[in-house]
There are 2 protein chains.
Amino acid sequence: MTATPVQELDAHACVVRRFNRSYTQRIGALDDSFLGSGMPLGTARLLFEVGAEPGTTRDLRARLGLDSGYLSRLLRRLEADGLVTVAEDPADRRRRVVALTDAGRMRWQDLERRSDERARDLLAPLTERQRGRLAAALAEADLLVRAATVTLETVDPRSRAARAAVGKYFAELDRRFPGGFDSGVQSAADAEMLSPPSGAFVVATSDGEPVACGGVQTIGDGVGEIKRMWVHGDWRGAGLGSRLLRHLEGVCRELGHAVVRLDTNGTLTEAVAMYERAGYREIERYNDNPYAERFFAKSLT
Amino acid sequence: MTATPVQELDAHACVVRRFNRSYTQRIGALDDSFLGSGMPLGTARLLFEVGAEPGTTRDLRARLGLDSGYLSRLLRRLEADGLVTVAEDPADRRRRVVALTDAGRMRWQDLERRSDERARDLLAPLTERQRGRLAAALAEADLLVRAATVTLETVDPRSRAARAAVGKYFAELDRRFPGGFDSGVQSAADAEMLSPPSGAFVVATSDGEPVACGGVQTIGDGVGEIKRMWVHGDWRGAGLGSRLLRHLEGVCRELGHAVVRLDTNGTLTEAVAMYERAGYREIERYNDNPYAERFFAKSLT
DNA sequence: TCATATCTCTGACTCTAGTCAGAGAATCCG
DNA sequence: CGGATTCTCTGACTAGAGTCAGAGATATGA
């Protein structure tokens with residue numbers, strides 16, 4: 001008797017929960033590690049954020065999700081300790097610009113160092129081989145968790161996020177194709193095709209960075225086409241491609257298509273493998289895209 | 001050029017930090033998920049712990065790492081809400097036994113459900129195969145992290161902790177030896193041998209549970225012997241045995257021994273393998289222990 | 001049996017974290 | 001220009017989390 005998917009999910013959820021409990025209990029102190037520095041957590045988080053990227057108080061409030069009064073008090077504390085400077089923004093004198101002082105930068109490095117030591121302390125009792133195993137397991141978990149928490153969002157293909165993702169896609173094609181890749185002129189018509197009502201463009205982001213993208217357009221009655229599908233190199237092997245593909249197929253269905261087609265280049269072996277795994281079968285050339293060598297289709301019904 | 005151990009440690013520490021940051025950012029809310037239940041975190045954690053396994057307040061304090069005064073107050077709150085009962089322990093009337101009421105159990109199940117949903121939400125976007133990979137990675141990380149954070153403590157062999165660990169050890173021997181195992185009468189002399197100044201007994205605990213133990217005694221001039229070394233079944237494969245063995249060798253060194261011996265039974269194959277990996281070589285029988293079949297020694301100089 | 005240790009509980013604290021309601025300065029817009 | 005809006009800051013709160021020093025009851029060991 002094999003386990004059903006639901007039972008598997010149960011079992012896996014248990015493992016996740018067990019891990020969460022034991023890990024946060026042991027390492028949760030890692031967040032409070034800032035406490036070890038003599039600074040309260042809130043202050044330390046703020047200092048850390050200012051160090052990562054200085055900005056206006058408004059900006060910091062948004063990044064940390066703090067109340068303006070609370071932030072003001074935290075800043076005053078850091079200022080009194082000589083760790084940050086809070087100055088008027090010349091562009092808008094209602095605003096304040098926050099930056100680290102030299103002492104603040106040292107303190108920030110101190111926090112970094114402490115964080116590092118915590119990680120080392122955790123590893124210290126283990127043998128070299130076990131450290132390797134732990135690092136590998138955490139890296140694997142990290143990749144998968146990041147992949148699971150990627151957000152898929154339908155955006156305008158002309159938006160900043162979409163253009164950033166497509167730019168990376170084209171850059172990769174240019175690197176990988178033997179003769180390079182020339183995207184040609186991105187016409188307004190291209191963007192139009194990938195916009196409602198006849199198309200859509202989806203960008204997957206993690207921590208605000210685009211990590212995958214893909215578009216759908218209509219190329220005939222009941223026939224959709226998947227275009228510009230790309231997954232960031234660091235993210236391959238986490239199933240992000242399959243997930244995005246499934247998502248795009250769903251978009252096609254919503255557009256009322258019964259069939260979806262796509263073209264690709266033989267160089268992109270992992271993409272071809274993924275399409276085949278996802279149930280696509282190879283078909284004859286259906287367009288004159290000079291970079292396309294292989295053509296696939298899948299029925300959505 | 002191969003990486004030196006220090007470089008490896010750096011790299012591994014980076015992986016740990018990267019994981020910590022991304023995981024707590026995404027899942028950290030999991031701890032606060034209890035907040036979603038309208039209960040303060042501390043109270044919810046306590047209720048959760050009582051539900052997981054009722055026990056004495058002393059027990060709960062150890063498990064949650066709380067101050068006795070604080071715990072007392074939290075319990076009073078839960079009691080006032082009718083979620084737990086706090087009664088005298090008939091075995092020791094200084095102690096209190098805490099248990100859930102019916103209302104408490106319902107509340108506990110609510111917390112469980114919430115916690116479960118969080119875990120499922122994390123897994124939901126992944127494919128079945130990826131879920132398996134994530135669960136495997138987290139389970140591996142969990143085992144190693146638990147092993148790394150085990151505390152080794154030298155205790156009196158007559159102490160409760162030591163007796164609990166040895167009890168489990170003997171129970172396992174009884175299960176594994178074909179003819180069973182009779183520990184005989186644990187004489188006061190036995191405990192004496194494993195106590196200062198001529199010996200020591202070490203218990204490894206995790207979450208207050210004994211997970212491994214081992215003793216050292218003096219059996220001749222400059223000759224120490226390792227006795228009653230045991231690692232909990234769930235903990236094998238995490239290097240805990242090797243770590244304990246190294247620790248006990250250190251104890252031997254502190255006692256001024258140049259050689260350490262030990263005996264074991266052929267049934268305990270993983271133990272024999274570990275001794276050999278740790279540099280022990282097999283020697284002739286040096287005692288008349290009826291359960292011992294194989295004898296090992298290692299020079300500490 | 002009596003000193004000592006153990007255990008829970010109470011009172012009196014401290015510190016963080018965070019909310020809310022304005023005050024006052026600067027900016028924007030018609 | 002003048003009212004509305006935006007922005008930071010202050011004061012006055014609340015609640016959670018946790019520490020510390022005993023008091024008082026109970027158990028343990030010489």
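Reminder, nothing fancy here: chain letters follow the sequence lines and each chain counts from 1.
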Walk along nucleotides 5-15 of chain C from 5' to 3' and tag each nucleotide B, S or - by protein heavy-atom contact under 4.0 Å, base first, then sugar-phosphate. -BSSBBBB---
For atom [atom1] of [X] and atom [atom2] of [N], their distance in whole Å:
{"X": "B/Arg45", "N": "D/dG16", "atom1": "CZ", "atom2": "C1'", "answer": "12 Å"}
{"X": "A/Leu66", "N": "D/dC7", "atom1": "CG", "atom2": "C1'", "answer": "16 Å"}
{"X": "B/Asp89", "N": "D/dA25", "atom1": "CG", "atom2": "C1'", "answer": "14 Å"}
{"X": "A/Leu46", "N": "C/dA17", "atom1": "CG", "atom2": "P", "answer": "11 Å"}
{"X": "A/Leu60", "N": "D/dC7", "atom1": "CG", "atom2": "C1'", "answer": "14 Å"}
{"X": "A/Leu74", "N": "D/dT8", "atom1": "CG", "atom2": "P", "answer": "14 Å"}
{"X": "B/Met39", "N": "D/dA15", "atom1": "CE", "atom2": "P", "answer": "17 Å"}

Can you list, pair by pair, the side-chain donor-acceptor contacts under 3.5 Å of residues 64-80 of chain A, counting residues two or more places apart and other chains?
unit_1  : atom_1 : unit_2  : atom_2 : d
A/Asp67 : OD2    : A/Gly69 : N      : 2.8
A/Asp67 : OD2    : A/Tyr70 : N      : 3.1
A/Ser72 : OG     : A/Arg76 : NH2    : 2.5
A/Arg76 : NH2    : A/Ser72 : O      : 3.1

Here's a test of your reading of the structure: between A/Pro90 and A/Gly65, which maps to the more 5' nucleotide of DNA chain C? A/Gly65
Between A/Gly42 and A/Ala91, just flag the one whose closest nucleotide in DNA chain C comes earlier from the 5' side. A/Gly42
Under 3.5 Å, side-chain donor or acceptor atoms of residues 82-91 of chain B against the rest of the protein: list the pairs with distances, not counting sequence neighbours.
unit_1  : atom_1 : unit_2  : atom_2 : d
B/Thr85 : OG1    : B/Ala99 : O      : 3.4
B/Asp89 : OD1    : B/Ala91 : N      : 2.9

Return the set of residues passing salt bridge (Lys or Arg N to Asp or Glu O under 4.0 Å) with A/Asp110 (not counting sequence neighbours), or none when no residue passes. A/Arg113, A/Arg114
side-chain contact (heavy atoms from CB on, under 4.5 Å) partners for B/Leu245, two or more places apart: B/Ile226, B/Met229, B/Glu249, B/Met274, B/Tyr275, B/Ala278, B/Tyr280
Short side-chain to backbone donor-acceptor contact, B/Trp230 and B/Ala212, under 3.5 Å: no
Write out all pairs satisfying side chain to side chain donor-acceptor pair (under 3.5 Å) with one or both partners inside residues 53-64 of chain A, taking only residues at least two apart or from two chains. A/Glu49-A/Arg63
